[in-house]
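Mind looking over this structure? Questions follow.
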Amino acid sequence: MYYSSGNYEAFAQPEKPEGVDNKSAYLIGAGLASLAAATFLIRDGQMQGDKIHIFEELAIPGGSMDGIWTEQKGYIVRGGREMEVHFETLWDLFRSVPSLEKEGISVLDEFYRLNKKDPSFSKARVIENRGQRLSTDGDLTLTKKAIDELIHLALTPENQLQDVKINDVFSKDFFESNFWLYWCTMFAFEPWASAMEMRRYILRFVHHVGTLSNLSSLRFTKYNQYESLIMPLVKNLESQGVHFHYNSQVKNILVNSVGEKKVATKIEYVTSGKEQQIDLTENDLVFVTNGSITESTTYGDDTHPAPPTHDLGGSWQLWKNLAEQDPAFGKPGKFCDNIPPENWFVSGTITLKDDKVTPYIEKISKKDPHSGSIVTSGPVTVKDSNWLLGYSISRQPHFHSQKPTELIVWVYGLFSDKPGNYVKKKITECTGIELCQEWLYHIGVPEMEIEDIATHSANTIPCYMPYITSYFMPRALGDRPLVVPSGSQNLAFIGNFAETEKDTVFTTEYSVRTAMEAVYTLLNIDRGVPEVFGSCFDVRVLMSSIYYLNDRKKLEDINLPWWATPIEKHTLKKIQGTYIEELLKDSKLL
């Protein structure tokens with residue numbers, strides 16, 4: 001497996017891998033990573049679909065990419081996915097998956113056309129004082145000290161950040177900035193989270209520094225992620241004969257390690273209460289989605305909170321069983337044990353049944369939520385919320401079956417250890433009605449109307465996810481297993497708890513990238529995996545980031561750090577009339 005850039009290999013069909021007709025594939029979990037891996041096995045590995053088996057402990061596919069309606073509770077979305085144009089492997093995947101909306105085009109075509117017509121742009125990224133836009137919204141408000149700390153983290157090698165927390169490398173200056181407020185509420189970082197992961201995000205998304213406040217760099221699906229992305233993938237795989245085994249929980253995978261060689265020899269699983277096993281050879285490829293941020297999810301309703309739980313669940317226990325066999329398979333305990341109590345545990349889905357709240361939504365977002373256009377363009381953060389409450393309203397309808405009068409609102413709170421401002425309870429203790437009340441209070445609904453609206457004009461489903469930010473637990477090198485561990489002949493790890501260089505977890509891109517790398521490695525496919533977009537190596541991006549990190553100041557007004565000495569003030573005269581001057585002007589520094 002190797003990396004490539006540009007479009008020379010992007011549209012190439014590789015030769016059929018040697019011996020692929022004698023191979024089979026078993027994929028554990030039916031989330032995005034497994035569905036992507038199955039697609040790459042067929043498209044690029046040219047494996048027959050009927051030789052691919054996907055095992056899922058739940059009754060439906062999709063993993064954390066969900067969006068469902070149930071007779072008992074109503075509409076539920078546990079979370080959303082923000083995408084951008086440089087998710088190289090994600091778009092490589094969906095260019096070859098047929099759309100379910102329109103015949104003759106791909107999911108990528110459909111996605112591209114939609115976002116061209118209806119681009120993302122937030123008119124209010126942060127609010128306070130019950131629905132008022134933050135006066136400094138749009139500015140990053142970073143001090144020179146905070147900027148220097150950001151730069152220092154970006155320049156620190158990963159091996160020096162092992163088990164280091166974000167609040168170990170940043171001071172009060174940084175945490176009081178709008179940059180941190182935008183950053184933590186967009187990506188779900190907590191102060192105790194991994195500084196190593198924070199560094200990856202800084203390098204990976206430096207090209208978005210200028211759009212943190214308006215979210216114009218983001219791209220969104222037409223409907224919820226399940227209907228817009230998962231269903232087309234599943235339908236395409238089913239049409240090619242891939243076998244889906246639902247209600248089938250894999251308990252263990254036995255791996256024989258002799259010297260440097262590792263071979264998965266047996267899959268042990270339970271289906272419909274019956275213990276089963278599959279004997280494997282080196283020609284049987286196994287792809288494991290190890291760990292899950294939505295494992296052991298519980299749900300409440302209008303009158304009951306979601307029950308707190310820390311049950312490990314199948315995916316975590318499988319990873320632990322694998323890790324006991326070989327240290328190369330990672331340390332799952334680093335991600336699923338000892339999660340801090342101030343973590344984000346709860347989200348909620350609010351279904352508004354009428355338009356009583358519409359004026360308050362429109363006042364903040366400056367958009368008619370029934371227009372079909374994306375409403376908030378990502379999260380709206382409530383700065384003065386004790387929970388650090390946020391909400392997001394996607395394009396409506398968010399479900400195909402949604403009524404024209406209904407609106408779907410997704411809410412979450414990053415701090416689970418503090419009482420609310422209106423409802424004097426921790427978010428983990430709140431019923432659906434109480435969760436809705438707290439949101440209504442913060443968007444400015446008159447207090448005399450809050451109880452009636454939350455009770456009679458809304459249906460709210462709280463959702464408790466004990467492992468939702470496990471990706472960001474402080475970690476060391478080796479805690480996540482390599483996509484293909486050294487010496488492995490037929491076993492690979494995929495998803496956001498597998499290790500690949502440079503890319504960032506908690507993204508759809510990471511799931512697809514690990515899937516592509518796993519398939520290309522085990523089948524020795526002669527086609528490059530698109531490299532992670534190298535914005536941090538682009539001098540134009542770096543110049544632009546200087547401009548925005550300093551809240552749009554010109555170069556002459558900026559106290560530059562040491563690494564920018566080549567363009568200090570006294571050199572400006574020397575670059576007049578040169579290409580460097582053009583670059584500085586393009587980045588608005590001159």
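Position 1 is the first residue of the sequence; numbering continues from there.
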Answer yes or no: is there a side-chain heavy-atom contact under 4.5 Å between Leu233 and Asn236?
-> no
Student check: side-chain heavy atoms of Leu318 and Lys251 closer than 4.5 Å = no
Ignoring hydrogens and geometry, is there a side-chain-to-backbone donor-acceptor pair from Trp410 to Arg78 under 3.5 Å?
-> yes
Asn224 side chain reached by Glu227 side chain, heavy atoms, under 4.5 Å = yes
Are any side-chain N or O atoms of Arg219 and backbone N or O atoms of Ser217, one a donor and one an acceptor, separated by less than 3.5 Å?
-> yes
Sub-4.5 Å side-chain heavy-atom contact between His400 and Glu101 = yes
If you round to the nearest 0.5 Å, how far is CG of Leu215 from CZ of Arg125?
-> 5.5 Å
Would a 4.5 Å heavy-atom cut-off, applied to side chains only, mark Arg395 and Asp118 as touching?
-> yes
Rounded to the nearest 0.5 Å, what separation is found between the OG1 atom of Thr297 and the CD1 atom of Ile468?
-> 7.5 Å
Is a side-chain donor or acceptor of Gln13 paired with a backbone partner of Arg43 at a separation under 3.5 angstrom?
-> yes
Within a strict 4.5 Å, meaning less than it, do heavy atoms of the His398 and Val77 side chains meet?
-> yes
Taking the six-membered ring for Trp and the single ring otherwise, decide whether the centroids of Tyr441 and Trp439 are under 6.0 Å apart.
-> no
Distance in Å, Ser470 OG paired with Met465 CE, rounded so as to fall on 0.5 Å steps | 11.0 Å
Result for ring-ring contact (aromatic ring centres under 6.0 Å, His included) between Phe111 and one of Phe94, Phe220, Tyr223, Trp91 points to Trp91
Have a look at Phe187 and tell me which of Tyr182, Tyr471, Phe205, Trp344 forms a ring-ring contact (aromatic ring centres under 6.0 Å, His included) with it.
-> Phe205
